[in-house]
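This report refers to the structure that appears directly beneath it.
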Amino acid sequence: MKRILIYMPSFEGGGAERNAVLIANEFSRSGHRVTLVVDKESGPNRKLVAEDVTVRVLCGNSHIANVPSLRKIIKEIAPDIVFARIGLSPFKILLATMGLLSWRCIVPSYHCSFDPDDRPGGRMTYRLSSLLTRVTGATISVSSDIRDELVSRFYASHDRIKVVYNPIDLPWIESKASEDLESWLSGRPYILSVGRLVNAKDYPNLLRAYAKIKNELNYDLVILGEGPLRSSLENLVSDLDLKERVYMPGYLSNPFPVYKKAALFVLSSAYEGFGNVILEAMALGVPVVATRCPGGPKEILEEGKYGRLVQPGDSNGLAEAMIAEISEPVPQEKLKQRSREFAVDRVAKAYLDSVSVYVKSS
């Protein structure tokens with residue numbers, strides 16, 4: 001049994017925060033003592049935390065003010081491993097643990113490519129990754145592309161970065177998928193995409209590709225997610241004469257019934273961290289088309305073995321791939337079998353294995 005502390009800003013957001021909770025829950029199921037520390041206890045992922053995972057909330061109202069509170073908790077718990085996730089978390093952990101823990105048990109993680117529009121703390125974590133990867137025991141990257149970017153662009157230590165893919169909670173997804181389907185769907189078959197309405201997802205490329213094939217296929221297009229580009233995307237839908245065929249209902253707390261009935265899942269991103277939505281579709285047997293963008297999609301799909309890949313921004317190629325995948329989809333069982341390779345128990349073990357050389361056994 002190990003004492004494990006996972007630190008992140010809050011339960012807000014999407015993939016990175018949910019994955020932290022999944023990993024925490026699995027560590028606890030495996031018999032470890034797990035504490036999740038957050039700056040704020042807000043966010044939809046809070047309800048996913050297992051009862052036997054302890055949640056501690058810092059009492060400060062700023063990054064600097066939270067460091068003493070974080071240090072107090074670390075002294076009390078004396079963790080064997082500290083996973084620092086997202087933004088300034090690794091730097092705050094380093095400050096809070098000075099003189100308390102060996103630097104070797106601190107594990108920062110990177111979940112997406114460098115984003116110049118990110119908050120200053122997030123950008124700094126990348127720009128100082130050369131330092132972070134050398135003063136901590138190991139660093140987790142969710143894809144080989146992110147690891148390579150850290151090394152080539154920011155001079156991080158290649159040997160200290162371990163690629164550990166994001167997890168998927170298969171029983172939970174299957175149970176959520178059995179709930180009632182959303183009533184706003186037209187009843188026609190549909191193509192699905194899921195993600196925030198932001199530049200990285202390149203939904204204009206998807207809409208233009210769909211416009212090319214709308215008359216060939218009697219399929220609607222559903223885009224689940226919310227974000228700052230909603231107005232511009234709605235304008236493009238109108239310009240492309242797609243208002244009767246495209247549904248953009250926003251964020252759904254349970255998207256999985258919509259996944260389950262989709263004829264095809266499409267990811268049109270310009271870049272990704274990992275691409276959890278691809279795995280979620282595969283877990284329910286939904287065929288996938290994705291861009292060969294920087295990040296995890298091509299690794300999940302094994303360079304096209306489990307779904308067609310096209311170049312980012314290529315609306316003609318995306319349209320052709322969508323028709324081809326609907327005509328000759330990858331078999332459902334093959335997709336489901338591939339998704340099981342990312343099961344949360346396997347990923348949690350990989351997390352611990354990444355730092356096992358530095359952590360005392362117990």
Side-chain angles (χ1 to χ4, degrees), residues 6 8 12-24 26 45 48 83-87 89 107-115 118 122 125-126 129 138-151 156 161-170 172-173 192-196 198-202 224-225 227 255-256 259 265-284 286 288-307 309 312 335 338-351 354:
I6 301 174
M8 62 184 183
E12 299 283 357
E17 291 82 1
R18 184 198 294 177
N19 292 333
V21 172
L22 292 179
I23 292 294
E26 184 60 32
N45 293 298
L48 302 180
F83 292 101
R85 303 171 67 90
I86 310 168
S89 299
V107 185
S109 55
Y110 291 83
H111 301 270
C112 60
S113 298
F114 176 76
D115 184 353
D118 197 2
T125 304
Y126 283 80
S129 60
T139 295
I140 298 230
S141 164
V142 299
S143 73
S144 299
D145 277 0
I146 292 175
R147 177 199 60 197
D148 295 345
E149 179 186 34
L150 290 170
V151 173
I161 301 175
K162 312 297 181 183
V163 176
V164 181
Y165 297 131
N166 281 344
I168 186 169
D169 189 335
L170 296 165
W172 179 73
I173 286 176
L192 175 66
S193 190
V194 179
R196 291 196 71 222
V198 293
N199 287 324
K201 305 302 180 183
D202 198 3
L224 300 184
F256 298 113
Y259 271 100
F265 183 88
V266 180
L267 182 136
S268 56
S269 297
Y271 59 90
E272 278 287 339
F274 180 65
N276 278 55
V277 290
I278 295 175
L279 274 182
E280 291 168 353
M282 294 170 69
L284 295 171
V286 180
V288 174
V289 169
T291 52
R292 192 187 297 275
C293 64
K298 58 184 175 293
E299 295 178 52
I300 298 172
L301 297 177
E302 279 198 6
E303 293 293 343
K305 180 178 179 181
Y306 295 97
L309 290 164
L335 295 170
R338 173 60 172 166
S339 73
R340 294 182 194 118
E341 297 178 29
F342 301 84
V344 65
D345 57 335
R346 294 190 180 193
V347 175
K349 181 179 183 301
Y351 264 70
S354 71

Here the pair of heavy atoms bringing Ile300 nearest to Phe342 is CA-CZ, 4.3 Å

Would you name the heavy atoms of Gly304 and Leu309 that are closest together and state the gap between them?
N-CD1, 3.4 Å

My understanding is that only residues two or more places apart in sequence, or in another chain, count here; which of them pass salt bridge (charged side-chain N to carboxylate O under 4.0 Å, His left out) with Arg292?
Glu303

Heavy-atom side-chain contact between Val347 and Val344 under 4.5 Å
no

Rounded to the nearest 0.5 Å, what separates atom CD1 in Ile23 from atom CG in Asn166?
8.0 Å

Closest approach of Val288 to Met282 (non-hydrogen atoms, all atoms of both residues):
CG2-CG, 3.9 Å

Going by heavy atoms in the side chains, are Leu192 and Val266 under 4.5 Å from each other?
no

Those residues at least two apart in sequence (or on a different chain) that pass salt bridge (charged side-chain N to carboxylate O under 4.0 Å, His left out) with Glu302 are Lys305, Arg338

By salt bridge (charged side-chain N to carboxylate O under 4.0 Å, His left out), which residues pair with Arg196, not counting sequence neighbours?
none

Is Lys201 salt-bridged to Glu272, cutoff N-O under 4.0 Å?
yes

Under the side chain to side chain contact (heavy atoms under 4.5 Å, CB included) rule, what do Phe265 and Val277 come out as? Steps first, then yes or no, please.
CA-CA 9 Å; Phe265 183 88; Val277 290; 3.6 Å; yes

Tyr351: partners by ring pair (Phe, Tyr, Trp, His ring centres under 6.0 Å), with sequence neighbours left out
Phe83

Residues Asp202 and Ala270: closest non-hydrogen pair is CB-N, 4.0 Å

Between Glu149 and Phe114 (side chain of the first, backbone of the second, donor and acceptor by atom type, cut-off under 3.5 Å), is there such a pair?
yes

Asp169: what forms a side-chain hydrogen bond (donor to acceptor under 3.5 Å, both in side chains) with it, not counting sequence neighbours?
none

For a salt bridge (Lys or Arg N to Asp or Glu O under 4.0 Å) check, start with the C-alpha distance between Glu12 and Arg18, then their side-chain angles and the critical distance, and finish with the verdict.
CA-CA 9 Å; Glu12 299 283 357; Arg18 184 198 294 177; over 6 Å; no

Test ring pair (Phe, Tyr, Trp, His ring centres under 6.0 Å) applied to Tyr271 - qualifying residues, sequence neighbours left out
none

For Arg147, check side-chain hydrogen bond (donor to acceptor under 3.5 Å, both in side chains) against everything at least two apart and list the hits.
none

Set of salt bridge (charged side-chain N to carboxylate O under 4.0 Å, His left out) partners for Glu299, sequence neighbours left out
none

Using a 4.5 Å cut-off on heavy atoms from C-beta on, say whether the side chain of Leu335 contacts that of Val286.
no

Under the side-chain contact (heavy atoms from CB on, under 4.5 Å) test, residues paired with Ser129 that sit two or more places apart
Tyr110, Leu150, Phe154, Ala156

Please give me the minimum heavy-atom distance between Ser143 and Gly273, naming the atom from each residue.
OG-O, 3.5 Å

Carefully, step by step, assess Ile173 and Tyr259 under the rule side chain to side chain contact (heavy atoms under 4.5 Å, CB included).
CA-CA 10 Å; Ile173 286 176; Tyr259 271 100; over 6 Å; no

For the OG atom of Ser141 and the CZ atom of Phe274, what is their distance to the nearest 0.5 Å?
10.5 Å

Evaluate the side-chain proximity of Ile140 to Ser354: yes if any heavy-atom separation is below 4.5 Å, no if none is.
yes

Closest heavy-atom pair and its distance - Val142, Ile146
CG2-CD1, 3.8 Å

Just jot down the side-chain hydrogen bond (donor to acceptor under 3.5 Å, both in side chains) partners of Ser109, sequence neighbours excluded, or say none.
His111

Go through it in stages, so that I can follow the logic: the residues are Tyr126 and Cys112, the test is side chain to side chain contact (heavy atoms under 4.5 Å, CB included), and I'd like the CA-CA distance, side-chain angles, deciding distance and then a yes or no.
CA-CA 10 Å; Tyr126 283 80; Cys112 60; 3.6 Å; yes

Quick check: do Ile168 and Asn276 have side-chain heavy atoms less than 4.5 Å from each other?
no

Ala343: side-chain contact (heavy atoms from CB on, under 4.5 Å) partners, not counting sequence neighbours:
Leu170, Asp345

For Lys162, side-chain hydrogen bond (donor to acceptor under 3.5 Å, both in side chains) partners two or more places apart
none

List the steps and the verdict of side chain to side chain contact (heavy atoms under 4.5 Å, CB included) for Met8 and Glu17.
CA-CA 8 Å; Met8 62 184 183; Glu17 291 82 1; 4.3 Å; yes

